[in-house]
2 protein chains.
Amino acid sequence: MDKELKKVNQNELNPHVSVDCVIFGFDMEKLTVLLIDRGRNKSDKGIKLALPGNLIYNNENLDQAANRVLDELTGLKDIYLEQVAAFGNPDRISKDSDREWLKSIRAEPEARVITVAYFSLVKMPDYLPQASSFAKRAGWTSVTEINELAFDHYEILQAAKEKLKQKIKIQPIGFNLLPEKFTLSQLHRLYESILEKPLDKRNFRRKIQNLEIVTSLKEKQRGVPHKPSQLFVFNEERYRELTENGFDNFDF
Amino acid sequence: MDKELKKVNQNELNPHVSVDCVIFGFDMEKLTVLLIDRGRNKSDKGIKLALPGNLIYNNENLDQAANRVLDELTGLKDIYLEQVAAFGNPDRISKDSDREWLKSIRAEPEARVITVAYFSLVKMPDYLPQASSFAKRAGWTSVTEINELAFDHYEILQAAKEKLKQKIKIQPIGFNLLPEKFTLSQLHRLYESILEKPLDKRNFRRKIQNLEIVTSLKEKQRGVPHKPSQLFVFNEERYRELTENGFDNFDF
DNA sequence: TTTGAAAGTGTTAAATTGACACGATGTAAA
DNA sequence: TTTACATCGTGTCAATTTAACACTTTCAAA
């Protein structure tokens with residue numbers, strides 16, 4: 001291959017590899033995920049919701065690509081993304097509606113594409129999704145309400161959920177989903193949403209407090225029509241301490 | 001793209017995506033990994049050892065590709081492979097010796113390649129590696145002796161080791177590395193090799209036996225110059241029972 | 001003032017963990 | 001045949017962790 005040609009290629013889209021992002025949020029009730037709406041086609045059929053994702057460039061690595069694509073499609077910048085897995089069934093673009101849609105946005109719509117999935121956790125209220133590029137809309141959907149998605153995105157979402165379940169047992173990453181100040185009930189509900197099983201309230205609170213990973217404020221919840229709860233902040237220092245000494249046991 | 005052309009492409013190598021396999025073994029002393037030797041180039045320089053891996057075909061999925069490539073390069077057939085992660089730094093083929101080598105075996109040696117890594121565990125003595133294709137030799141190397149490998153394979157190996165560490169705490173997959181009949185000391189050494197830390201002998205044995213995941217035979221070790229130890233077999237039924245009821249706690 | 005709704009709190013029995021040392025049993029060498 | 005060597009196999013106890021379980025408190029709104 002010619003060297004000049006090669007240099008040009010470096011800044012070109014790679015039509016064979018894409019990244020998809022599973023961005024989780026928490027609305028204080030349940031786990032949500034950020035989806036884009038591809039809008040209506042002529043046909044007005046097929047699934048319209050998809051994970052934000054797109055092809056990579058030849059001169060960026062996978063992590064960079066995931067961040068760029070997420071920014072381009074939703075406006076989310078510089079968030080921590082962790083890889084879930086690669087997906088590459090030859091028939092992952094087999095649905096008619098998906099092929100139609102690809103024709104409208106890709107130079108090589110029939111190419112076989114491998115996609116690398118990423119996941120992340122963000123504070124929902126910090127961020128109101130801004131659709132752009134081919135995303136007609138971008139918004140949060142409750143994870144439990146999702147039955148199908150474009151391409152193999154439903155499968156990817158399930159894999160990301162599993163990864164999150166595992167990860168939250170090892171590291172207290174859940175705090176990324178909550179506001180600065182939060183209550184232990186909110187944290188409790190968050191863990192139940194992620195693990196998809198009930199956790200005993202008293203045992204949960206005891207465990208969290210023994211870990212000393214939260215610091216209680218003098219402040220209380222206001223304006224709630226019931227006993228207001230204590231507010232807490234996440235203790236980052238303690239978190240570093242725990243992770244450096246290798247802690248295996250944030251298990252519920 | 002023309003439909004005829006497309007069908008032809010389906011059976012062609014995809015020059016942009018490869019798979020690499022990290023196959024672990026255990027020689028009763030330490031953890032080993034299966035590497036291929038690329039043999040000597042004209043230059044006779046550079047690193048010669050690499051993980052078995054190669055490009056995928058357009059009509060196979062990633063898991064199939066990993067199995068095929070492993071078979072082609074080493075003769076290992078139909079073993080369970082689990083994905084580790086995708087690796088795709090644009091400069092992962094930056095070493096001169098690697099580029100030279102690729103020129104000799106690939107149609108598009110300068111193409112940017114994303115690789116998907118897999119890992120597996122096999123019983124070493126069941127299998128004497130058979131080199132073939134571009135692998136001049138294939139053989140087992142002790143994991144601790146490896147300092148560098150071709151491409152980004154050293155990084156991939158580290159990631160696979162981490163995955164194995166995590167996984168063995170959740171599932172008793174270690175049994176795949178041992179012969180049918182084994183001693184608790186061997187199992188003990190295996191766990192220490194994988195976790196890279198000493199485990200108290202009595203506590204280890206207690207934990208394993210409480211799980212009832214091994215069944216003791218009437219048989220003993222023979223011909224060893226010391227007290228012969230009891231032989232055990234892995235209890236598959238009990239394993240299924242444990243995994244179905246979801247067990248989180250094979251923790252050491 | 002009453003009502004509704006979620007917050008917050010403690011005990012106990014059972015299971016699990018971690019720390020720790022020595023006698024038993026086989027082979028091989030003297 | 002005795003001895004030396006190497007590894008096997010075993011038990012207890014204190015400390016910690018877990019699971020199960022129900023009632024009172026506090027605020028806002030009616």
Side-chain angles (χ1 to χ4, degrees), chain A residues 26-30 169-170 172 178-179 181-193 195 197-233 242 245-252, chain B residues 27-30 168-170 172 178-179 181-193 195 197-233 242 245-252:
Chain A
F26 182 62
D27 66 4
M28 298 304 162
E29 290 289 335
K30 45 205 167 7
K169 289 187 176 186
I170 298 176
L178 293 172
K181 301 173 184 177
F182 54 86
T183 70
L184 291 187
S185 296
Q186 289 168 344
L187 187 61
H188 182 209
R189 238 170 293 142
L190 172 56
Y191 271 78
E192 290 189 327
S193 302
L195 297 176
K197 69 178 182 192
L199 302 172
D200 180 86
K201 181 164 65 161
R202 280 176 289 191
N203 293 340
F204 177 82
R205 294 167 88 99
R206 173 163 39 110
K207 187 141 192 176
I208 291 291
Q209 304 212 53
N210 284 347
L211 283 169
E212 299 175 74
I213 194 105
V214 295
T215 312
S216 95
L217 300 172
K218 296 259 157 58
E219 216 174 328
K220 294 194 173 190
Q221 249 185 340
R222 304 194 47 142
V224 287
H226 55 261
K227 179 173 178 179
S229 69
Q230 190 67 239
L231 288 171
F232 291 82
V233 292
L242 283 173
N245 302 351
F247 87 154
D248 290 302
N249 224 1
F250 205 71
D251 207 348
F252 289 95
Chain B
D27 66 7
M28 298 302 161
E29 290 289 337
K30 45 207 166 8
I168 204 166
K169 289 185 177 188
I170 297 176
L178 294 172
K181 301 173 183 179
F182 53 87
T183 71
L184 290 187
S185 296
Q186 290 168 343
L187 187 61
H188 183 208
R189 239 171 290 142
L190 172 58
Y191 270 78
E192 290 188 327
S193 302
L195 298 175
K197 70 179 181 191
L199 303 173
D200 180 86
K201 181 164 66 161
R202 280 178 287 192
N203 293 340
F204 177 82
R205 294 167 88 98
R206 181 182 42 187
K207 188 141 191 175
I208 292 291
Q209 304 211 54
N210 283 347
L211 282 171
E212 299 175 76
I213 194 104
V214 294
T215 311
S216 97
L217 301 172
K218 296 257 156 61
E219 214 174 330
K220 293 195 172 192
Q221 247 185 342
R222 302 194 50 142
V224 288
H226 56 261
K227 179 176 178 180
S229 67
Q230 189 67 241
L231 288 171
F232 290 82
V233 292
L242 283 171
N245 301 350
F247 88 154
D248 290 302
N249 225 2
F250 205 72
D251 209 346
F252 289 94

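As a basis for the values below, the full set of heavy atoms in this structure was taken, side chains included, without hydrogen atoms, waters or symmetry mates. Numbers restart at 1 for each chain; the letters A, B, ... are given by sequence-line order, proteins then strands.
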Review point. Would you say B:H188's side chain and B:R205's backbone share a donor-acceptor pair under 3.5 angstrom?
Key: no
Exercise for review: Check the distance between D:dT26's C1' and A:Q230's CD and give it to me in whole angstrom.
Suggested key: 13 Å
Check your understanding: To the nearest 0.5 Å, how far apart are CD in A:Q186 and CZ in A:F232?
Key -> 11.0 Å
Exercise for review: State whether the distance check finds a donor on one side and an acceptor on the other, under 3.5 Å, for side chain A:R202 versus base D:dA19.
Suggested key: no
Study note, to complete from the structure: Between A:L195 and A:L199 the two heavy atoms that sit nearest each other are CD1-CD1, 4.3 Å
Exercise for review: By nearest nucleotide on DNA chain D, pick out whichever of B:L231 and B:H226 is the more 5' one.
Suggested key: B:H226
Exercise for review: Find the distance B:R205:CZ to C:dT16:C1' and express it as a whole number of Å.
Suggested key: 19 Å
Study note, to complete from the structure: In short, B:P172 meets B:Y191 closest at the heavy-atom pair CA-OH, 4.0 Å
**Study point:** Atom pair distance, as rounded to whole Å: CG in B:N203 and P in D:dA14
**Key:** 16 Å
Point to revise | Separation of D:dT7 P from B:F182 CZ (nearest whole Å) | key: 20 Å
Practice item. Kindly compute the distance separating NZ (B:K218) from CD (B:Q230), expressed to the nearest 0.5 Å. Key: 10.0 Å
Exercise for review: Just jot down the salt bridge (charged side-chain N to carboxylate O under 4.0 Å, His left out) partners of B:E29, sequence neighbours excluded, or say none.
Suggested key: none
Check your understanding: Between B:F204 (CZ) and C:dT17 (P), how many Å, whole number?
Key -> 13 Å
**Study point:** DNA chain D contacts among residues 217-225 of chain A, heavy-atom distance under 4.0 Å
**Key:** A:V224, A:P225
Exercise for review: Compare side-chain N and O positions of B:K201 against OP1 and OP2 of D:dG9 and report whether any pair is under 4.0 Å apart.
Suggested key: no
Review point. Taking atom types as they are modelled, is there a donor-acceptor pair under 3.5 Å from the base of C:dG8 to the side chain of A:K227?
Key: no
Check your understanding: D:dC21 C1' sits how many Å from A:L199 CG, rounded?
Key -> 16 Å
**Study point:** Atom pair CG (A:L178) and CG (A:L190), whose distance is rounded to the nearest 0.5 Å
**Key:** 5.0 Å
Review point. How would you list, by chain and number, every residue that makes a salt bridge (charged side-chain N to carboxylate O under 4.0 Å, His left out) with B:D27, sequence neighbours excluded?
Key: B:K30
Review point. Measuring from A:L231:CG to A:L184:CG, what's the distance to the nearest 0.5 Å?
Key: 9.5 Å
Check your understanding: Under the salt bridge (charged side-chain N to carboxylate O under 4.0 Å, His left out) test, which residues partner A:K220, sequence neighbours left out?
Key -> none
Exercise for review: Take B:L242 and B:E212 through the side chain to side chain contact (heavy atoms under 4.5 Å, CB included) test and state the conclusion after the steps.
Suggested key: CA-CA 10 Å; B:L242 283 171; B:E212 299 175 76; over 6 Å; no
Exercise for review: Report yes if a donor N or O on one partner sits less than 3.5 Å from an acceptor N or O on the other, where the partners are the side chain of B:R206 and the base of C:dG18; otherwise report no.
Suggested key: yes
Check your understanding: Under the 3.5 angstrom rule, does the side chain of A:Q221 hit a backbone N or O of A:S229 as a donor-acceptor pair?
Key -> yes
Check your understanding: At what angle, to 10 degrees, do the two end axes of the helix from C:dT1-D:dA30 to C:dA30-D:dT1 meet, given five pairs define each axis?
Key -> 0°
Review point. Hey, can you pull the residues of residues 185-193 of chain B with a non-hydrogen atom under 4.0 angstrom from DNA chain C?
Key: none
Check your understanding: Given atom NZ of B:K207 and atom P of D:dG11, what is their separation to the nearest angstrom?
Key -> 20 Å
Check your understanding: Quick one: A:D200 CG to C:dA7 C1', roughly how many Å, whole number?
Key -> 15 Å
